[in-house]
Colleague: 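First the structure, then my questions, so here it is.
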There are 2 protein chains.
Amino acid sequence: MPTTNARSAQRLAKLQEALASGGTLHLRDAAELCDVSEMTIRRDLTTQPTAMTLLGGRLVMANYPGVTPIYDLTEQQASHYQAKYRLCQRVLAFIEEGDTLFIDCGSTLIPLLSQLSHFRELTVVTYALNVANAVSALPNVRLVLLGGLFYAASQSFGSDNMTAAIERLGINKALISAAGVDLERGVSCFHFHEVTPKQAAIATAMQRLLVVDASKFGVVRPAYFAALEDFDVVVTDEEGAPQLLKENGCVAPEIVVPEITVA
Amino acid sequence: MPTTNARSAQRLAKLQEALASGGTLHLRDAAELCDVSEMTIRRDLTTQPTAMTLLGGRLVMANYPGVTPIYDLTEQQASHYQAKYRLCQRVLAFIEEGDTLFIDCGSTLIPLLSQLSHFRELTVVTYALNVANAVSALPNVRLVLLGGLFYAASQSFGSDNMTAAIERLGINKALISAAGVDLERGVSCFHFHEVTPKQAAIATAMQRLLVVDASKFGVVRPAYFAALEDFDVVVTDEEGAPQLLKENGCVAPEIVVPEITVA
DNA sequence: GCGTTAATGTTAAAATTATAACATTTAGTG
DNA sequence: CACTAAATGTTATAATTTTAACATTAACGC
């Protein structure tokens, strides 16, 4: 097994160039383009670290949204996806024609976005790149992206005038996700730069929805951003959640539970 | 051969939901998800009109940039790609370690972006979603996205405080693209919302580079944004460009032509 | 309920892609 | 210049995906 190879890296760079503007390249053509055998390209891909993948004999950029997170729905993951999907279906029940939605970063709310195409007119405000990408494809949804410095870990942006930018917008409903929800320690996330936009959205929005799956209950993450009482609604997927929360003296949010039927 | 099938369409809709947020779905999992055999899914795809494709046993959204336009490198397309690639190679010669680059929207500068991974540290400022996506994958490049309202036609954002946001940044080099370059009528683009960020970048940057292929010469587009003299360098791919411009009395910009060797 | 037809399932064969093993070429070194 | 080892090519084999043909089930009209 060789350590590094300059020529190999050069080939991959060339191929990546070809794919940078989008599209796929058949292994056969890739080999021809680089004037080597298909096997060499295959080896390049396995030996060197690269952003490309071979998908059914075709070379694709692995980090492209339509390709990357290869949704390997094994049994567990399939059910996990179903859970995420159902959660978003419940959120959908709160969305109305003409709404201006603040949509938080993370993966929780992603399945919701394609559902937004069923509305005639909506506006989505977000500070997350993955959310923006999904929404940018919807012709009926106006997209406002709050920019700034990009944080790869959360695929989102941070800026010092995020609060001001959010306050200027007439946000109807804030859909907030979280990495931890605890009755005493409140609602928290992983990254500190998310705190500002989340808090600004909570402060501005007419209605505040916390969207979390049950696995987040009882968990505390480094960045605290709100108390459970700051939300009007908690949308979750666990049967026991309402009791769990209410028995512990938390009465503020209306909690939406699995009774809601999924189409 | 059946005419239409409600259930078939319903399955495809369900699968499309699953893929809407990006990713791929193995045929096996798609079949399981719909509770039918793989063959049925295959038939759905061939029978019904759909935006999905089967790529190496995996279901993908065919209209996603990384997947759809299957890059059939016929001779012409290959050479067209080569041209774009060469143009960006020339631009690359102007970029230095540690630069803060303003990168304009459009497709012209896209091939440049993956090349930026060769630097140790760079900062890219942009108001284009496609640029941001390409840059977000580069670990060595800091990304600043100027947000606002999304314009699908140019895959970019517009906002009324774009100028202020750009002025606050210490932009080293502005890489500007254009849809039209005319000696008398100046440099123009298609969309009016692009004018503000372009002009702000030109005003702020230390060095201003206009990057255009020769097909843009002599063309005037609706939105004027600068005179040719506002640029320090014009990077182009046409041999005749320097004479063409200089003979017409335009002496300001240094023009970079194909003499520069491509690796 | 019977007969017809669409819809789906099952299986086998063909085509394609992936892996592995070994052969050959190329580059570098003393 | 020979020696070594990496890099690439070639070929055979395995695994996977695609296609095709036929069997079975479900739906619908009479």
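Here is the naming used below: chain letters follow the sequence lines, and residue numbers restart at 1 for every chain.
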Colleague: Could you state the CD1-C1' distance from I41(B) to dT17(D), rounded to the nearest angstrom?
Modeller: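 After rounding, the gap between these two atoms is 15 Å.
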Colleague: Between atom CG in L55(A) and atom P in dT17(C), what is the gap in whole Å?
Modeller: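 So the CG-P distance, L55(A) to dT17(C), works out to 12 Å.
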Colleague: If you only use heavy atoms from C-beta on, which nucleotide in dG9(D), dG9(C), dT18(D) is closest to the side chain of V36(B)?
Modeller: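 The answer is dG9(C), which lies nearest to the side chain.
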Colleague: With sequence neighbours excluded, what pairs up with H193(A) under the side chain to side chain donor-acceptor pair (under 3.5 Å) test?
Modeller: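 Partners of H193(A) by the side chain to side chain donor-acceptor pair (under 3.5 Å) criterion, ordered by chain and then number, come out as S154(A), S156(A).
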Colleague: Please check the phosphate of dT17(D) (OP1 and OP2 only) for any side-chain N or O of H26(B) closer than 4.0 Å.
Modeller: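 For H26(B), the contact criterion (side-chain N or O under 4.0 Å from OP1 or OP2 of dT17(D)) is met.
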Colleague: Can you check whether L129(A) reaches L129(B) side chain to side chain, under 4.5 Å on heavy atoms?
Modeller: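 Counting from C-beta outward, L129(A) and L129(B) do come under 4.5 Å.
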Colleague: Quickly work out the E38(A) CD to dA12(D) C1' distance and round it to whole Å.
Modeller: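 The distance from CD of E38(A) to C1' of dA12(D) comes to 16 Å, rounded to the nearest Å.
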Colleague: Is T40(A) reaching over with its side chain to a backbone N or O of V36(A), donor-acceptor style, under 3.5 angstrom?
Modeller: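 Answer holds: no.
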Colleague: Round to the nearest Å and state the distance from L12(A) atom CG to dT8(D) atom P.
Modeller: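 Atom-to-atom, L12(A) to dT8(D), this comes out as 11 Å.
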Colleague: Which angle, to the nearest 10 degrees, lies between the helix axes at the two ends of the helix from dG1(C)-dC30(D) to dG30(C)-dC1(D), each defined by five pairs?
Modeller: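 Here the local axes at opposite ends form an angle of 30°.
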Colleague: When you measure from the side-chain N and O atoms of R28(A) to the phosphate of dT16(C), is any distance below 4.0 Å, counting only OP1 and OP2?
Modeller: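 For dT16(C), neither OP1 nor OP2 has a side-chain N or O of R28(A) closer than 4.0 Å.
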Colleague: For the side chain of M39(A), starting at C-beta, report the closest nucleotide among dA20(D), dT19(C), dT8(D).
Modeller: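 Ranking dA20(D), dT19(C), dT8(D) by closest atom to the M39(A) side chain puts dT19(C) first.
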Colleague: Would you call L59(B) and T24(B) a side-chain contact if the rule is heavy atoms closer than 4.5 Å?
Modeller: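 A side-chain contact under 4.5 Å is absent here.
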Colleague: Expressed in angstrom and rounded to an integer, what is the separation of L54(A) atom CG from dT17(C) atom P?
Modeller: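 After rounding, the reported distance stands at 9 Å.
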Colleague: Flag the pair N130(B) / I110(B) as yes when at least one side-chain heavy-atom distance between them is below 4.5 Å, and no otherwise.
Modeller: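 Yes, side chains in contact.
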Colleague: Could you check D44(B) against S8(B) for side chain to side chain donor-acceptor pair (under 3.5 Å), going step by step and ending with a plain yes or no?
Modeller: CA-CA 6 Å; D44(B) 288 346; S8(B) 176; 2.7 Å; yes
Colleague: Taking OP1 and OP2 of dG9(D), is either one under 4.0 Å from a side-chain nitrogen or oxygen of T40(A)?
Modeller: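 Yes, within the criterion.
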Colleague: Send over the distance from L27(B) CG to dT18(D) P, rounded to a whole Å.
Modeller: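 Nearest whole value for this atom pair: 7 Å.
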Colleague: For R42(A) and dT19(C), what is the distance between atoms CZ and C1' respectively, to the nearest whole Å?
Modeller: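 About 8 Å, once rounded to whole Å.
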Colleague: Hey, can you tell me if F157(B) and F150(B) have their rings parallel, tilted or perpendicular (30° and 60° cut-offs)?
Modeller: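 F157(B) and F150(B): tilted rings.
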Colleague: When you check the phosphate oxygens OP1 and OP2 of dA6(D), does a side-chain N or O of R43(A) lie under 4.0 Å from one of them?
Modeller: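 Result: no.
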Colleague: Separation of D35(A) atom CG from dT26(C) atom P, in whole Å?
Modeller: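 Answer to the nearest Å: 12 Å.
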Colleague: What nucleotide, of dT10(C), dT19(D), dG9(D), holds the atom closest to the side chain of S37(B)?
Modeller: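 From the listed options, dT10(C) comes nearest.
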